[in-house]
Peer 1: 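There's a structure below that I have some questions on.
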Amino acid sequence: MVKTRFAPSPTGNLHIGGARTALFNYLYSKHHKGIFVLRIEDTDVERSKQEYVEDILGGLSWLGINWDEGPYYQKDRVDLYREHAFRLLGAGLAYKCYCSTEMLEEKRKKALKEGGKPHYDRTCRDLPADDVSNEGKPFVIRFKNPLSGEVSFDDLIRGTITFRCEELDDLIILRSDNTPTYNFTVVIDDALMGITHIVRGDDHINNTPRQILIYEALNYPAPRFAHVPLIHGKDKARLSKRHGATSLLEYRNEGFLPEALMNYLARLGWAHGDQEIFSQEEMIEKFDLPNVGKSPSVFDMDKLSWLNGHYMKTLPAQDIAERFLPFLEHMGISAPDRAQLVRIVMNQRERAKTLKEMAQASEYFFRDDFPVDETARTKFLTSATKPILVDFLEGFNALSSLDEEAQKPLIEGLTQKYNAKPVNIIQPIRVALCGKTVSPGIFEVIAILGKEKVGKRLTKAIESIQ
RNA sequence: GUCCCCAUCGUCUAGCCUGGUCCAGGACACCGGCCUUUCAAGCCGGCAACGGGGGUUCGAAUCCCCCUGGGGACGCCA
C-alpha cells in the first residue's frame, strides 16, 4: 500500500511551490490507490502560527486536494520524539553537547573563512561517559554520524545519489529547550506513520542521507524518496514573495478556478506526452514519478491565465455562475435572477480570463449608474450619432420581441437609411447601453438588459447629447 | 569555500533509458491572416531551442568525459 504525505511547516502561507509538492504526493498516492497524509510540522514554536495552519488547510481544500489522514500536529507528539532521542543516547548512538550557540557560530565562521566545511567540530562527541565537568549545564543531543563510509539512495526521479559520511554533520536532534528538530521528527513520523514514498522539494536532497542514517540507527525501514525540482520565478531564482510565493488563496481571490490551478501545477514539472488539459481523474490516472522532470521550472502567469480561460469556457455555465456570485457581491452587486446570471456568464466568459475580470466587465448589466468611458462617449455619443439613437429607440419601442430575429431588421434598416456599416450603428448603441465600446454582441446585451432598461438608457444617452 | 542537483524554443515541455523515422514535436506568449456589430473566442499560418568542447559510433538531442552556466544545501528553520 502506497502512503504519501505532505508535511508543511506553518511558518508561512501555502504557496505555489508547496501546493505542487502536495499535489504530486496526492496524485502519486491516488494513482496507486493509496493513502495521503497531511502532517503539520510545527516544532518551531517561535515561527509557527495558527493563521498559517489555516491558510494551508484552506488552500489545499480549495484546490481540491483532500487528505485521508490527519492533519497530525507534531506539537502533540513531542514526548514521542524525546523518547526516541534518549533511546539513541542510551544506545550510544547520540551524545550530549554542551557547546553554546555563540561558540558554534564562531567556529562556523572561522571554518568558512579558512575554506573548510562549516561543520560542528565534534568537541563533545568523545566526552567520557563519567564526565562531570558539565554537570547541570544546558545541553543538546546530537546524532553520532558515522565518520567514514557512504550513504546512497535511489531517488525515484533522479536515480542514485551518493554522499560521503565525512560530508555529514553531527546534527542536533533535541534542542536545549528539550524540543526536537526537523531532521529527527520527520524520520520518526514517516516511519511510525508508515509512509512509503516521500515526495518533496530537491532542497531536501542534502537532508536525505542524514535522515537515512537516523532510520538505520533507530532500526526503522527507510521509505523511497523522490525529489522534485523547485519552482523558480521569472528571474530564475527560487520563488519568493515577488513572484508566486503568495498564498494560494490569493489566486482564489483573484478569480482563478481551482481546476485551472491544479491543471497548471500538475504540468509544471510533469508531462504526459503533448497533453495540456487534464481533469483531476485524468491526472490521477496518468501521473507517475518517472515522468517528473529534473530541472527547475519557471512559474508562468500567462499560461495559468490561458488555462483559467479554458476552464471558464468549458465548465458548465451554471457552475461558473455559482462561483461568479461572490465576485459580484464583493462589488456590492446582488444578482437574484439566476437565469439572467447564467446568460451573462455564457456571454462574458469567453472575454474574461478570471472571475474577477468578468465581474468588472459585467457591472453595467446590474447597475444603472454604471461608469461611462469618456473616450467612448466623445467618440460615439455625438450630435452626428444622436439621430441614429433616436431612430433606434423609436424602432425599438415598437418591437414585440427581443429575439435576435426581431432586432436584426431594425439595425439593418438603419444601416440603409444612414448608408452606414453596421458597426457605425451599433457602437453608439453599445456605448449608450454599456458605457464602453466593449461588450458581448449587441443583440445579447439588449436581450439580457430587457426592454425597460434599454429604453431608459437610450433616452438618457440621447438627452446627454447637446 | 565544500558537497549535492540540474542543463531542448522567451516560458512549460515531448523526444533521451532501448542512438538513425528529429534539418527536433506540442502548448503559452508573440507576429500575421481569416471570421466579424466592438472586444474576445475560434480557425489557419509564422517566428523560435538541443550551452560549449572533446570522445564512442557508419550515425548523437539521445551514451561517456571535461568546461561553462544555473540552482540547492551547509542552523538549537523546516
Side-chain angles (χ1 to χ4, degrees), chain A residues 7-12 41-44 46-48 74 97 99-101 104-105 108 111-120 138-142 155 158-159 161-164 166-169 171-177 179-183 185-186 200-209 227 229-230 232 234 236-238 264 267-277 290-291 293-307 309 313 348-353 361 376 380 411 415 421-427 429-431 434 436-443:
Chain A
S9 74
T11 52
E41 309 219 323
D42 52 0
T43 50
D44 183 346
E46 293 288 306
R47 299 195 302 151
S48 294
Q74 292 193 321
C97 169
C99 297
S100 71
T101 320
L104 293 171
E105 186 53 37
R108 249 195 301 274
L112 218 45
K113 201 189 285 176
E114 287 168 2
K117 304 179 261 278
H119 282 178
Y120 177 54
F139 64 88
V140 301
I141 296 181
R142 282 185 188 271
D155 192 284
R158 291 154 207 277
I161 299 176
T162 306
F163 288 83
R164 291 196 311 278
E166 296 95 277
E167 298 299 332
L168 275 21
D169 214 348
L171 45 86
I172 292 168
I173 57 177
L174 199 72
R175 300 183 185 101
S176 53
D177 67 356
T179 58
T181 59
Y182 164 72
N183 277 296
T185 60
V186 76
R200 64 199 344 180
D202 70 9
D203 50 336
H204 283 288
I205 288 181
N206 298 277
N207 288 325
T208 308
H227 289 98
L230 264 19
H232 288 177
K234 278 251 184 274
K236 302 273 184 148
R238 193 178 173 162
Y264 178 72
R267 280 286 287 103
L268 205 55
W270 171 76
H272 185 266
D274 286 338
Q275 190 172 346
E276 295 287 350
I277 308 294
N291 296 326
K294 297 183 185 63
S295 48
S297 35
V298 176
F299 181 78
D300 182 10
M301 198 61 179
D302 284 336
K303 189 147 186 184
L304 206 211
S305 285
W306 169 74
L307 264 170
K313 279 171 287 196
Q348 290 280 243
R349 62 177 173 175
E350 63 201 35
R351 3 182 98 72
K353 291 287 191 205
F380 292 107
I411 298 285
T415 60
K421 283 187 280 192
V423 63
N424 298 318
I425 304 299
I426 289 170
Q427 283 303 68
I429 299 171
R430 194 189 309 279
V431 174
C434 309
K436 49 184 163 188
T437 55
V438 172
S439 83
I442 199 67
F443 301 136

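Atoms considered below: every heavy atom in the structure, side chains included; atoms not considered: hydrogens, waters and symmetry mates. Convention: sequence-line order gives letters A, B, ...; per-chain numbering from 1.
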Peer 1: Using the ring of each side chain (for Trp, its six-membered ring), is A:Y264 parallel, tilted or perpendicular to A:F299, with breaks at 30° and 60°?
Peer 2: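 A:Y264 vs A:F299 ring planes: perpendicular.
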
Peer 1: Partners of A:S295 by side chain to side chain donor-acceptor pair (under 3.5 Å), sequence neighbours excluded?
Peer 2: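 Scan of A:S295 (side chain to side chain donor-acceptor pair (under 3.5 Å), adjacent residues dropped) gives none.
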
Peer 1: Do any N or O atoms of the protein come closer than 3.5 Å to N or O atoms of nucleotides 45-50 of chain B, and which pairs are they?
Peer 2:
none

Peer 1: For A:D300, enumerate each residue passing the side chain to side chain donor-acceptor pair (under 3.5 Å) test, keeping only those at least two apart in sequence or located in another chain.
Peer 2: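 With sequence neighbours excluded, A:D300 shows a side chain to side chain donor-acceptor pair (under 3.5 Å) to no residue whatsoever.
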
Peer 1: Tell me every residue that passes side-chain contact (heavy atoms from CB on, under 4.5 Å) with A:A376, counting only those two or more places apart in sequence or in another chain.
Peer 2: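 side-chain contact (heavy atoms from CB on, under 4.5 Å) list for A:A376, sorted by chain: A:D373, A:V431, A:T437.
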
Peer 1: Could you tell me which residues satisfy side-chain contact (heavy atoms from CB on, under 4.5 Å) with A:S297, sequence neighbours excluded, listed by chain and number?
Peer 2: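 Counting only residues at least two positions away or on another chain, A:S297 forms a side-chain contact (heavy atoms from CB on, under 4.5 Å) with A:R20, A:L268.
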
Peer 1: Go through the structure and list residues passing side chain to side chain donor-acceptor pair (under 3.5 Å) with A:E41, not counting sequence neighbours.
Peer 2: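 A:E41 satisfies side chain to side chain donor-acceptor pair (under 3.5 Å) with A:R39, A:Q74 once adjacent residues are dropped.
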
Peer 1: Looking at the base of B:C76, is there any donor atom on it, or on the side chain of A:S176, that sits under 3.5 Å from an acceptor on the other one?
Peer 2: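 Such a pair is found, so the answer is yes.
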
Peer 1: Rounded to whole Å, how long is the line connecting atom CD of A:E276 with atom P of B:C12?
Peer 2: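 One finds 13 Å between P of B:C12 and CD of A:E276, rounded.
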
Peer 1: Scan nucleotides 2-7 of chain B nucleotide by nucleotide, 5' to 3', and note B when protein non-hydrogen atoms come under 4.0 Å of the base, S if they reach only the sugar-phosphate, - if neither.
Peer 2: SSSSSS

Peer 1: Restricting to nitrogen or oxygen on both sides, can you table the protein-nucleotides 40-42 of chain B pairs closer than 3.5 Å?
Peer 2:
{"from": "B:A40", "atom 1": "O2'", "to": "A:E350", "atom 2": "O", "distance (Å)": "2.4"}
{"from": "B:A41", "atom 1": "O4'", "to": "A:E350", "atom 2": "O", "distance (Å)": "3.4"}
{"from": "B:A41", "atom 1": "O3'", "to": "A:K313", "atom 2": "NZ", "distance (Å)": "3.0"}

Peer 1: Output a table of nitrogen or oxygen pairs between the protein and nucleotides 22-24 of chain B separated by less than 3.5 Å.
Peer 2:
none

Peer 1: side-chain contact (heavy atoms from CB on, under 4.5 Å) with A:I411: which residues, sequence neighbours excluded?
Peer 2: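 A:I411 satisfies side-chain contact (heavy atoms from CB on, under 4.5 Å) with A:F392, A:T415, A:I425, A:I426, A:I429, A:F443 only.
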
Peer 1: Checking A:R47 now: which residues fulfil salt bridge (charged side-chain N to carboxylate O under 4.0 Å, His left out) with it, not counting sequence neighbours?
Peer 2: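 Expected list: A:D44.
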
Peer 1: Going by the rule side chain to side chain donor-acceptor pair (under 3.5 Å), which residues pair with A:D177 if we only count those two or more places apart in sequence or in a different chain?
Peer 2: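 By the side chain to side chain donor-acceptor pair (under 3.5 Å) rule, A:D177 matches A:T179.
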
